[in-house]
Amino acid sequence: MYTVTLIPGDGIGPEISDATMRVIEATGVSIAWDIQNAGLTVYEKEGNPLPQRVLDSIRKHKVALKGPLTTPVGTGFRSVNVALRQILDLFCCLRPCKSFKGARTRYQDIDLTIIRENTEDLYAGIEFEKGSDDTRKLIEYITQSTGRTIRSDSGITIKPISVYATEKIVRFAFEYARAHNRKKVTAVHKANIMKYSDGLFLETARTVAKKYPDIQFEDRIVDNMCMQLVQKPELYDLIVLPNLYGDIISDLAAGLIGGLGLAPGANLGDEIALFEPVHGSAPKYRGLNKVNPLAMILSGMMMLEHLGEKGAAKRLEKAVASVIEEGRYVTYDMKSDPDDPSAATTSMVADAIIEKLASA
Ligand code: NAD
C-alpha cells in the first residue's frame, strides 16, 4: 500500500481527479490518498491558496498527484503551481508527448519528451510593479550602471538563469536519455539575444553534453524550434529548455499529439515527485463532466512507473491506447466536430478504461 498526496485542484480538477483515482484503483495497485485541497477555493476560505498542511503532506509522502489549479490573471495571488515547484525544489518538469493511434491529429508517430527547467527564468517570481519605489530605484540603478534608460511607467520581471540549475536540468536530460534508450538531446534557447541568461544556459548545456559522448547533442533557437517542430517533429527526441520556453513548447508538442487533453507531466526533485496534466483548470467546463481525463490519467500512469509499479503502468497505458483507438468512448476534444453528440463524458472514459483493465 502506498500513500500519495492528492490535490484535486479546481475548475475541472475534481472531476478528472475522481476519474483518475478510480482508474488507478482498477489497476490493482493499492493507494491511500491523502487528499489536500489548495488553490482558489482554499484561498477564499483560509486566505492562503497553499496552506502549510499541503506542503507537509507532500514532504511526508514524497509522491503527489495534482489536478490543475487556477491562477488569477494580472492580479491576486501568485501561481500555486509555480510555488509548489519552487518551494519543493521540483527542478525538472518532464512532459512526454507520444502519439496514440486513433487520436485526431495531423501527425503520426510523435515521440518527443520535453524536459523543462522548473525553478528559474522569468518564472522565478521576482517582479517589480510599475510605479513602486523599488521599481524606481531599480530603474535608476540600471540607468547608472548601463547607461540605458527604462521608461518610468514600466513593470519589470527578472530572468535569472544559473549554472547550477542549468547543469542539473541538462544532466537530468542526458541521464534520462541513457535510461530510456533515447538518442538525442536538443537544447533550446535565445542565446543570440539574451547572452548572459540564455547564453549561459547554452554554454552550460554544451559543457554537460561533453560528458555524454554516447548521446547526440544539438541546440536550436526557440523561434526556429517552433517552426521545426511543426514542420519536422520526427527530427527531435528529448528537448531541454529554460522554464518559459519549456512551458510554451510543451503546449505546442501537446498540439502535435492531439491536444492538451492527452498531455501528462511530472515535476521531479531529488526526492519528491508531483504528477499533473499539462493543461489548466478550464474553468468554463467546471462540473460539466465533459472534459478529457486522459492527461491526468496518463500522469497517474507516470506516477505508477515512478512508484515502481511498471506492470500496472503498462497495463494502464495499453487500456488507454485501446480506448482511444476504438474511438467510442472519447471526449468532445477528440472528435472532429466538438459538438458531436456521441462524445463521451469524463466518467464514461474512466469506465471504458476500467472495463479494459478488467478484461486484460
Ligand atoms: P487550460 O489548459 O485550462 O485551457 C486551454 C484550452 O484547452 C481550453 O480551450 C480548454 O477548454 C482546453 N482544455 C484544457 N484541458 C482540457 C481537457 N482536460 N479536456 C478538454 N479540453 C481541455 O488553459 P487556460 O485557459 O490558459 O488556463 C485556465 C486556468 O488554468 C488559468 O487560471 C491558468 O493559470 C491555470 N493553469 C493551471 C495549470 C496547472 O495547474 N498546472 C497549468 C496551466 C494553466
Side-chain angles (χ1 to χ4, degrees), residues 6-20 23 36-44 49-50 54 64-86 88 90 93-95 100 103-105 114 116 118 123 125 243-244 246-255 257-268 274-300 302 320 323-324 329-340 343-350:
L6 181 95
I7 303 172
D10 48 42
I12 57 170
E15 35 204 293
I16 58 174
S17 295
D18 182 62
T20 303
V23 163
Q36 295 287 342
N37 289 304
L40 192 57
T41 44
V42 172
Y43 177 72
E44 279 159 7
L50 181 56
V54 181
L65 182 62
K66 176 185 153 300
L69 289 166
T70 304
T71 309
V73 177
T75 56
F77 60 82
R78 288 192 178 278
S79 167
V80 174
N81 309 304
V82 174
L84 278 167
R85 295 165 197 162
Q86 285 172 350
L88 299 171
L90 305 175
C93 184
L94 181 70
R95 292 177 163 176
F100 282 99
R104 191 179 52 83
T105 160
I114 310 294
R116 162 186 174 193
N118 226 3
Y123 277 62
N243 211 335
L244 178 64
D247 192 18
I248 296 166
I249 298 261
S250 294
D251 272 34
L252 193 160
I257 58 160
L260 282 171
L262 284 170
N267 298 286
L268 306 171
L274 182 150
F275 298 84
E276 63 175 340
V278 171
H279 64 70
S281 58
K284 70 178 175 187
Y285 292 118
R286 178 171 67 103
L288 300 182
N289 189 23
K290 178 169 173 160
V291 295
N292 196 343
L294 291 178
M296 185 146 179
I297 289 173
L298 291 168
S299 306
M302 290 174 76
V320 168
V323 166
I324 295 174
Y329 295 107
V330 295
T331 44
Y332 75 97
D333 54 306
M334 296 186 70
K335 298 278 186 188
S336 44
D337 170 12
D339 295 321
D340 186 334
T345 62
T346 308
S347 46
M348 281 160 79
V349 176

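Each ligand, and each atom within it, is numbered from 1 in the order the structure gives. Keep in mind the model is a prediction, meaning the values are calculated, not measured.
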Polar-atom distance check: [X] versus ligand 1, any N or O pair below 3.5 Å?
X    : result
G261 : no
G280 : yes
K284 : no

Do [X] and [Y] have side chains that get closer than 4.5 Å, going by heavy atoms?
X    : Y    : value
N118 : N243 : yes
T71  : P49  : no
H279 : V291 : no
I248 : L252 : no
T105 : I257 : no
S17  : M296 : yes
E276 : N81  : yes
I114 : V278 : no

For [atom], which protein heavy atom lies nearest, and how many Å away is it?
atom                    : value
atom 41 (N) of ligand 1 : E276 OE1, 3.1 Å
atom 13 (N) of ligand 1 : A282 CB, 4.3 Å
atom 32 (O) of ligand 1 : T71 N, 2.8 Å
atom 35 (C) of ligand 1 : L69 O, 3.5 Å
atom 22 (C) of ligand 1 : Y332 OH, 4.1 Å

Which atoms of ligand 1 are found less than 4.0 Å from any heavy atom of [X]?
X    : value
T70  : 32 (O)
N292 : 17 (C), 18 (N), 19 (N), 20 (C)
K66  : 39 (C), 40 (O), 41 (N)
R85  : 41 (N)
P68  : 40 (O)
Y285 : 11 (O)

Is [atom] close to the protein, meaning a heavy atom under 4.0 Å from it?
atom                    : value
atom 24 (P) of ligand 1 : no
atom 9 (O) of ligand 1  : no
atom 15 (N) of ligand 1 : yes
atom 44 (C) of ligand 1 : yes
atom 2 (O) of ligand 1  : yes

Does the [X] side chain pair with the main chain of [Y], one donor and one acceptor, at a distance under 3.5 Å?
X    : Y    : value
R104 : D333 : yes
E15  : G287 : yes
T346 : K290 : yes
D10  : S281 : no
N292 : V330 : no

Under 4.0 angstrom from ligand 1, any heavy atom of [X]?
X    : result
T331 : no
E15  : no
K290 : no

Winner among V82, D333, L260 once heavy atoms are compared against atom 6 (C) of ligand 1: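 Looking at heavy atoms only, the winner is L260.
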
Heavy-atom distance to atom 29 (C) of ligand 1: which of S281, G13, S79 wins?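 It is S281 that holds the nearest heavy atom.
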
Y123 six-ring centre to R116 NZ/CZ under 6.0 Å and within 45° of normal: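 Here R116 passes the 6.0 Å and 45° test against Y123.
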
